[in-house]
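Scroll down for the structure; my scribbles are underneath it.
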Amino acid sequence: MDIINKNLIIDNILNSYKPELGKDFEQYKNHVYRVFNFAVIKAETNEEFEILSISAAFHDIGIWTDKTFDYLQASVNHANKYCANNSASVEISEEIEIIINNHHKITRCRSSYLAEIFRQADLTDLTFGLFHRNCNMKFVKQARKY
């Protein structure tokens, strides 16, 4: 699979938060795309692709918008607002909330297939590939160039 470095959903969301992200914009964007790439490997439908795109863009955004490390609810709130403004279904919005709220969970997330995929993807990036259940190390190394 090729590395995805352009996604309209992710780019539109991140660009709308560029003032809040400030000097961290590129660093956060790179993290978002790496996590997205590690997660989307397991996406089976266009809806899952959309959910993972939105989740990736918002999963840590509350750090900058609310200037706190207690940011999960802030990130969920921004994602919910985006979903409401873009006519996403309640099911999509709820799944994104589950993903964001569980992406730092230490143990397996059993309540949502996509949340578990995303949790593993974020862990892959945070550990520089030490934990890489969703993808092989060659792919991790390729994605880490961004």
Side chain of [X], backbone of [Y]: donor and acceptor closer than 3.5 Å?
X      : Y      : result
Lys105 : Arg108 : yes
Tyr28  : Asp60  : yes
Ser93  : Asn80  : no
Asn86  : Ala88  : no

*Please determine which of Ile10, Ile100, Ile96 meets the side-chain contact (heavy atoms from CB on, under 4.5 Å) test together with Ile54.*
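The residue from Ile10, Ile100, Ile96 that satisfies side-chain contact (heavy atoms from CB on, under 4.5 Å) with Ile54 turns out to be Ile96.
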
*So, Tyr33 versus Asp125: side-chain donor-acceptor pair below 3.5 Å or not?*
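No - no donor-acceptor pair under 3.5 Å links their side chains.
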
*Mind checking whether Phe58 and His78 have parallel, tilted or perpendicular rings, split at 30° and 60°?*
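Geometry flag for His78 against Phe58: parallel rings.
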
*Parallel, tilted or perpendicular, as decided by the 30° and 60° cut-offs, for the rings of His59 and His31*: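 Ring orientation of His31 relative to His59: tilted.
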
*Kindly indicate, with the supporting measurements, whether the criterion side-chain hydrogen bond (donor to acceptor under 3.5 Å, both in side chains) is fulfilled by Asn77 and Gln73.*
CA-CA 6 Å; Asn77 292 344; Gln73 190 57 55; 2.8 Å; yes

*Do Asn102 and Arg119 pass the side chain to side chain contact (heavy atoms under 4.5 Å, CB included) test, and can you show the C-alpha distance, the side-chain angles, and the key distance before you say yes or no?*
CA-CA 7 Å; Asn102 287 281; Arg119 183 190 73 79; 5.9 Å; no

*Show your working on side chain to side chain contact (heavy atoms under 4.5 Å, CB included) between Tyr71 and Ile63 and close with a plain yes or no.*
CA-CA 5 Å; Tyr71 61 88; Ile63 293 170; 3.3 Å; yes

*Does CG in Asp2 sit with more than 12 non-hydrogen atoms of other residues, nucleotides or ligands closer than 6.0 Å?*
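Counting neighbours around CG of Asp2, 12 or fewer heavy atoms of other residues, nucleotides or ligands fall under 6.0 Å, so no.
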
*Can Tyr17 be reached from Leu8 by stepping across I, L, V, M, F, W or Y side chains whose heavy atoms are under 4.5 Å apart?*
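Different clusters: Leu8 never reaches Tyr17 through Ile, Leu, Val, Met, Phe, Trp or Tyr contacts under 4.5 Å.
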
*May I ask whether Ile98 and Tyr113 are part of the same hydrophobic cluster, defined by side-chain heavy atoms of I, L, V, M, F, W, Y residues being less than 4.5 angstrom apart, directly or through others?*
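No, because Ile98 and Tyr113 fall into different hydrophobic clusters, even though each may have its own neighbours under 4.5 Å.
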
*Within-4.5 Å side-chain heavy-atom neighbours: Leu21 and Ile61*: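 Contact flag for Leu21/Ile61 side chains = yes.
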
